[in-house]
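A short write-up of the structure that comes next.
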Amino acid sequence: MKLLVVGSVAFDAIETPFGKTDKILGGAATYIGITSSILGVKSGIVSVVGGDFPQEHLDMFTDREVNIEGIEIVKEGKTFFWSGKYHNDLNTRDTLATEVNVLENFDPKIPDSMQDAEILLLGNLHPGVQLSVLEKMNNRPKLVILDTMNFWMDCAWDILMDMIAKTDVITINDEEARQLSGEYSLVKAAKKIHAMGPEYVIIKKGEHGALLFHDGKVFAIPALPLEDVFDPTGAGDTFAGGFAAYLAKKGKIDFDTMKSALIVGSAMASFTVEKFGTQRIEEVNESDMFSRLRQFKELTTFDIELQ
Ligand code: AMP
């Protein structure tokens, strides 16, 4: 299956307890595109950058066979810029700057070559932009996956609700699930979110893994315990990218395939956090992925006598 990704392609400046970076390559769609290419899945990105965006980054996508016909370049504009600083626990961060720049008037255009995508992954963007992408598809994709965040709950609630109603799979973190549903219990939160539209609800719990809810069932996975977490930026996007790309690779959309997809997402995210920005995930190949999946299997498999 083909995967269409809509999201930011950006510059990030990141500060963690271990150091800081100047402007480096970032953006949700960037992490998702790189991750899909590691799985060998045909993906295409719809996004916008400014004239300041280096050709070498665009070439990186092309070298990975990520279709970038849908990345518009606004020559006189500046690329979206985000800057964040992580606290010592690395679970919380402060946003230091968000310069929306060319994303402000982003009018996504879907290239003909991606109109037949069966899976659509809507990365974290204004829900109005996410909705417009869905409306511009000639046929509704088989699966619509939505990533969103608390910011849009605060400032674009109604349109976010319209978007969620048209979503098959939503991925959000635990705090966002609580804010969206008004429920503290994640089980109750998932029930309320199902009622808003999505058949599948994925709640991410950072270093504690993720939960998948569907049709009265729940599946839980841990995150791989890592000795050193260097920079969590992009972990959520890499997770969503691994999840969506695995479904695209298998060509199957059901609860059991999604369980494995969740593991792949979590394994891929465990690479991203090991170095700044996209540095680590850009080094990863298919065999690295398989060895980490083996580690996951060892971490989660056990025998137990039930009598
Ligand atoms: P994550 O760490 O998974 O939340 O994603 C971090 C990435 O999201 C960074 O590379 C940023 O460039 C990008 N990002 C941050 N804020 C926004 C926003 N408001 N809209 C789109 N992308 C964003």
Side-chain angles (χ1 to χ4, degrees), residues 5-16 20-35 45-50 52-53 57 60 71 78-87 90-106 108 121-130 133 145-156 160 163 170-176 202-207 210 223 229-244 265-266 268-282:
V5 179
V6 186
S8 52
V9 171
F11 289 131
D12 291 346
I14 305 159
E15 204 175 323
T16 79
K20 60 195 281 192
T21 67
D22 286 330
K23 277 188 175 181
I24 56 170
L25 175 63
T30 301
Y31 286 98
I32 298 166
I34 295 170
T35 306
I45 294 179
V46 168
S47 193
V48 62
V49 294
D52 56 350
F53 195 72
H57 293 334
M60 181 276 291
I71 301 186
K78 282 177 76 182
T79 301
F80 174 83
F81 170 69
W82 174 82
S83 168
K85 181 177 175 173
Y86 288 86
H87 301 165
L90 284 173
N91 272 330
T92 45
R93 71 184 178 200
D94 295 327
T95 291
L96 302 179
T98 303
E99 293 173 18
V100 186
N101 298 331
V102 290
L103 263 189
E104 170 119 52
N105 299 311
F106 179 38
L121 173 46
L122 296 165
N124 172 34
L125 281 178
H126 190 291
V129 173
Q130 294 175 318
V133 171
I145 306 171
L146 178 78
D147 194 11
T148 191
M149 67 186 292
N150 48 0
F151 181 72
W152 308 117
M153 296 173 204
D154 295 334
C155 72
L160 177 62
M163 182 62 241
I170 185 169
T171 79
I172 43 173
N173 73 30
D174 41 7
E175 281 317 306
E176 290 157 356
I202 297 174
I203 301 183
K204 300 173 283 183
K205 300 192 297 163
E207 61 176 330
V229 173
F230 202 75
D231 168 24
T233 308
D237 307 314
T238 308
F239 173 86
F243 175 82
S266 195
M268 298 313 274
S270 75
F271 286 116
T272 289
V273 302
E274 288 180 331
K275 287 188 182 174
F276 269 126
T278 59
Q279 216 183 326
R280 182 70 181 111
I281 196 73
E282 283 196 60

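Read the numbers this way: they start at 1 and go in the same order the structure lists the ligands and their atoms.
- Taking NZ from K205 and CG from D174, the interatomic distance works out to 7.5 Å, rounded to the nearest 0.5 Å.
- Applying the 4.0 Å criterion to heavy atoms of A10 picks out, from ligand 1, the atoms 12 (O).
- Residue D237 places at least one N or O, backbone or side chain, under 3.5 Å from an N or O of ligand 1.
- With rounding to the nearest 0.5 Å, the separation of CE in M268 from CZ in F243 is 15.0 Å.
- For D12, a nitrogen or oxygen atom sits less than 3.5 Å from a nitrogen or oxygen atom of ligand 1, counting backbone and side chain alike.
- Looking at L103 next to ligand 1, no N or O pair under 3.5 Å apart turns up.
- The distance from the SG atom of C155 to the CG atom of L160 is 9.5 Å, given to the nearest 0.5 Å.
- Under a 4.0 Å criterion applied to the non-hydrogen atoms of Y31, ligand 1 contributes the atoms 10 (O).
- Annotation: side chain of P108 is in contact with side chain of V129 (closest heavy-atom distance under 4.5 Å).
- Summarising the geometry, atom OG1 belonging to T30 is positioned 6.0 Å from atom CD1 belonging to I45; distances are rounded to the nearest 0.5 Å.
- Taking CD1 of I281 as the reference point, atom OG1 of T278 lies at 9.5 Å (rounded to 0.5 Å).
- Of the residues L96, D12, V100, the one that meets the side-chain contact (heavy atoms from CB on, under 4.5 Å) test with W82 is D12.
- Using a 4.0 Å cut-off to heavy atoms of G26, the atoms of ligand 1 that qualify are 10 (O).
- Heavy atoms of R93 come nearer than 4.0 angstrom to ligand 1 in at least one pair.
- Residues passing the side-chain contact (heavy atoms from CB on, under 4.5 Å) test with K20, sequence neighbours excluded: E15.
- Ligand 1 has an N or O atom lying under 3.5 Å from an N or O atom of G234, backbone or side chain.
- Looking at atom 16 (N) of ligand 1, its nearest protein heavy atom turns out to be W82 CD1, 3.7 Å.
- Using a non-hydrogen distance threshold of 4.0 Å, F80 registers as a contact of ligand 1.
- For the atom pair OH of Y31 and OG1 of T233, the computed distance is 5.5 Å after rounding to the nearest 0.5 Å.
- Annotation: atom 21 (C) of ligand 1 to nearest protein heavy atom, N124 O, 3.3 Å.
- Listed by atom number, the atoms of ligand 1 under 4.0 Å from G27 heavy atoms are 9 (C), 10 (O), 12 (O).
- Near S8, the atoms of ligand 1 lying under 4.0 angstrom from a non-hydrogen atom of the residue are 13 (C), 21 (C), 22 (N), 23 (C).
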